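Since the structure comes first, as structure tokens, the remarks are kept for the end.
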Amino acid sequence: MNIYQHFRDEILSIVDELASQNVIPAGMDTGRITVEPPREAGHGDMATNAAMVLSKAAGMKPRDLAAVLSERLNTIQWVHETEIAGPGFINLRLESPYWHQRLEEILQNGTAFGDSTLGRGETVNVEYVSANPTGPLHVAHARGAVVGDVLASLLEKAGYAVTREYYVNDAGAQVDILARSAYLRYREALGEKIKEIPKGLYPGEYLIPVGEALAEKYGDQWLGADEEAWLADIRSFAAILMMDEVREDLKSLGIDFDVFSSEKTLVEKGAVEGVLEQLEKMDLIYTGVLEPPKGKIPDDWEPRPQTLFRASQFGDEVDRALKKSDGTWTYFATDMAYHLDKFQRGFKSMINVWGADHGGYVKRMKAAVGAVTGGEGELDVKICQMVHLKKGGEALRMSKRAGTFVTLSDLIGEVGRDVVRFMMLTRKNDSQMEFDLDKALEQSRDNPVFYVHYAHARCRSVLRNAATEWGDDTISPSALAAADLSLLTDPSELDLIKVMAAWPRMVENAAEAHEPHRIAYYLNELATLFHALWNKGNDDARLRFIITGEPALTIARLALVQGVATVIVSGLQVIGVSPVEEL
RNA sequence: GCGCCCGUAGCUCAGUCGGAUAGAGCGCAAGAUUCCUAAUCUUGAGGUCACAGGUUCGAAUCCUGUCGGGCGCGCCA
């Protein structure tokens, strides 16, 4: 349950009630009323801006209106006291039993705590990774993979019906290059000496086994043959092998897609012609000549009539080309068809997770979605900025051309899957990130993965110790459920419960904002509070979890510890990281 | 030249679709361990939220401009 939502509803009914009693006008816009945790703990448990938001429409000064509202709020169940502060905030302080109930709720729900019905089962398509099937995944893909996957999990937890989708670009020029590169390796496998991989082809050694496999399957039949004889076969052969590798890499990151959509299939079934026909009917296509980009004119620029989409009618800067000079579709044209296809499969809400190099593509894609769905489809694009790897205090420079990039599987081999997943969420997706391989393995406060794991391990440790000393029954779910939680009276214990109680709201807000990194930050905060409480037990033995000779108090505190562990696990599940029992 | 993203403490970064005295970690200074994991914690110093205007009860947040960094800029994806 989102507790802030609960009290917001209470305020709305108070507003209605006051309106029906003609104390304030009826029919005011209450949409901007919020109930939030105040930034400062000293301001109570919750604060509402209701009086300030409504004051104008009510024709009252904010603080006067606040006085009227707070009088009624005082009578609501669980409200301990209210206070009018600053320009007209109403601060609420809640009674301790309310917080004890929240802990009980956590214990009853287990890791399902935080599940929300916000999404009302609406479908959302999250498309991520979508790397060309031309080589293994590397570090840049890892960030998008994690961001997309965790965003999908987050939306699921918030009550959406999520489809995880990978778009396989198996039709464009990139896979032709793959095929030519593989052909070289094929000749090599048959004994030819290849001195140097020509510029423009993929030099990576990962294609050597592909060449060998080709040689084994097809023998020498293509030696000396024209490209048109072998291109199609090798292209699909190599692309399939590459996708197998991609799937392996994703699996090792714990990522499993629901749908792999093939660009080639889409093109072959005429989807591009379909979407263009539709656009033609809407008069959104014409033949024209684009202006060269100002300030920077490409060397080989020449004005040329092209088939263009009126993207500028939908918020883009210029109209965009749909056909290449060789008559084939641009990537954009097939991507339009692809997004219409998604929409027709029932996804009004689409999220794409892209790398930084696609930033300039966002506007036209949004324009395209707006056009082909008649404004009904909604596209959000999360751009993941670059990841700079660091090791031994030095930057690891990567170059795809030189073949010196660090692969995803290298990275996982170096630090492990869970660390990769968590670390990728320690920055907003649109901020650049430095990934320090040494720090990611460090067991210190510096390393948020460790820090959260440590908090959970400490929880488990206390529970194990209690079981050893008092018997397994002490920590059984039924024993903890029967605990007298009213014995939890210390402010730091209640503070901890309050942060746990904020978890459902965190899930909803992060899901609505499409910001998975907030989960990692929340877990860090929860861990901080728990570590702090733990250390209070060092200063004051009365605050330790296990108090010999006081079973009731101990069980209440074990319930608290179990609650912390539960919420941490609930969060780690969203991130896709396994909790550890001990370190 | 144009578009998008970013600019917050010495460093790395949060900051809840406009809220109260702008936060955290690292680093720095000083402390806590016969006791549930000190792999942790506590306290302190540290700020013109890049800069200049504007919008309003209120701006780090929204708008305009300037400066600085990143990404991209017809027939690559």
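Here is the naming used below: chain letters follow the sequence lines, and residue numbers restart at 1 for every chain. What you are looking at is a predicted structure, and each value in this text was computed from that prediction instead of being measured.
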Original post:
Looking at the side chain of A/Leu583, which of B/U40, B/G19, B/U37 is the nearest nucleotide?
Top reply: B/U37
Subject >> Contact under 4.0 Å: A/Lys363 side-chain N or O vs B/G3 OP1/OP2 >> reply: no
**OP:** Would you please name every residue forming a side chain to side chain contact (heavy atoms under 4.5 Å, CB included) with A/Tyr521, sequence neighbours left out?
**Re:** A/Arg427, A/His517
Subject >> Gap in Å between the two C1' atoms, one belonging to B/G18 and one to B/C57, rounded >> reply: 12 Å
**OP:** For the pair A/Glu515 and A/Arg518, find out whether any cationic side-chain nitrogen is under 4.0 Å from an anionic carboxylate oxygen.
**Re:** yes
Original post:
How many Å lie between CG on A/Asn447 and C1' on B/U40, as a whole number?
Top reply: 14 Å
Subject >> P-based separation of B/G23 from B/G15 [nearest Å] >> reply: 15 Å
Original post:
Counting just side-chain N and O atoms, does A/Lys324 come under 4.0 Å of either OP1 or OP2 of B/C76?
Top reply: yes
Original post:
Would you say A/Tyr522 reaches B/A24's phosphate, i.e. side-chain N/O to OP1/OP2 under 4.0 Å?
Top reply: no
Original post:
Counting only N and O atoms by type, is there a donor-acceptor contact under 3.5 Å from the side chain of A/Arg557 to the main-chain atoms of A/Arg544?
Top reply: yes
Original post:
Toward the 5' end of RNA chain B, which comes first, A/Thr328 or A/Gly86, by nearest nucleotide?
Top reply: A/Gly86
Original post:
Do you know which two heavy atoms are closest between A/Ala356 and A/Gln385, and how far apart they sit?
Top reply: CB-OE1, 3.5 Å
Original post:
Listed by chain and number, what are the side chain to side chain contact (heavy atoms under 4.5 Å, CB included) partners of A/Asn2, not counting sequence neighbours?
Top reply: A/Tyr4, A/Gln5, A/Arg505, A/Glu508
Subject >> B/U61 to B/C49 separation - P atoms, rounded to the nearest Å >> reply: 10 Å
**OP:** Determine the contact category for A/Ile383: base if any of its heavy atoms lies under 4.0 Å from a base atom, sugar-phosphate if only primed atoms, P, OP1 or OP2 are that close, otherwise nothing.
**Re:** nothing
Scan nucleotides 9-15 of chain B against the protein and return all N/O pairs shorter than 3.5 Å with their distances rounded to 0.1 Å.
residue: B/U12; atom: O2'; partner: A/Arg427; partner atom: NH2; Å: 2.4
residue: B/C13; atom: O5'; partner: A/Arg427; partner atom: NE; Å: 3.1
residue: B/C13; atom: O2'; partner: A/Tyr521; partner atom: OH; Å: 2.9
residue: B/A14; atom: OP1; partner: A/Lys428; partner atom: N; Å: 2.9
residue: B/G15; atom: OP1; partner: A/His517; partner atom: NE2; Å: 3.1

Using a cut-off of under 3.5 Å, enumerate the N/O to N/O pairs linking the protein to nucleotides 26-36 of chain B.
residue: B/C35; atom: O2'; partner: A/Arg544; partner atom: NH1; Å: 2.7
residue: B/C35; atom: O2'; partner: A/Arg544; partner atom: NH2; Å: 2.3
residue: B/C36; atom: O4'; partner: A/Arg544; partner atom: NH2; Å: 3.1
residue: B/C36; atom: O3'; partner: A/Asn465; partner atom: ND2; Å: 3.0
residue: B/C36; atom: O2'; partner: A/Asn465; partner atom: ND2; Å: 2.5
residue: B/C36; atom: O2; partner: A/Phe545; partner atom: N; Å: 3.4
residue: B/C36; atom: O2; partner: A/Ile546; partner atom: N; Å: 3.4
residue: B/C36; atom: N3; partner: A/Phe545; partner atom: N; Å: 3.2
residue: B/C36; atom: N4; partner: A/Trp534; partner atom: O; Å: 3.0

**OP:** Ignoring the backbone of A/Arg32, work out which of B/G74, B/C57, B/U37 is nearest its side chain.
**Re:** B/C57
Subject >> Stem segments of RNA chain B by first residue number [Watson-Crick or G-U, under 3.5 Å, at least 3] >> reply: B:1-7 with B:67-73, B:10-13 with B:23-26, B:28-32 with B:40-44, B:50-54 with B:62-66
Subject >> Residues A/Asn429 and A/His514: side-chain donor-acceptor under 3.5 angstrom >> reply: no
Report all side-chain donor-acceptor pairs from residues 55-63 of chain A shorter than 3.5 Å, counting only partners two or more places apart or in another chain.
residue: A/Ser55; atom: OG; partner: A/Met52; partner atom: O; Å: 3.4
residue: A/Arg63; atom: NH1; partner: A/Gly86; partner atom: O; Å: 2.7

Subject >> Any A/Lys382 side-chain nitrogen or oxygen under 4.0 Å from OP1 or OP2 of B/C5 >> reply: no
Original post:
Between B/G19, B/C41, B/A77, which nucleotide has the shortest distance from any of its atoms to the side chain of A/Tyr451?
Top reply: B/C41
Subject >> Pair A/Phe435 + A/Phe422: ring centers closer than 6.0 Å >> reply: no
Original post:
How far does the C1' atom of B/U21 sit from the matching atom of B/C67, given to the nearest Å?
Top reply: 31 Å
Subject >> Protein-nucleotide distance (A/Tyr361, atom OH; B/A77, atom P), rounded to Å >> reply: 8 Å
Subject >> A/Met52 side-chain proximity, nearest of B/U37, B/A77, B/G19 >> reply: B/G19
Subject >> C1'-based separation of B/G58 from B/G72 [nearest Å] >> reply: 38 Å
**OP:** Flag this pair as yes if the NZ/CZ of A/Arg445 is under 6.0 angstrom from the six-membered ring centre of A/Tyr451 and inside a 45 degree cone about the axis; otherwise no.
**Re:** yes
Original post:
To the side chain of A/Asp357, which of B/G72, B/G74, B/G19 is closest?
Top reply: B/G72
Original post:
Are OP1 or OP2 of B/C57 and a side-chain N or O of A/Lys56 less than 4.0 angstrom apart?
Top reply: yes
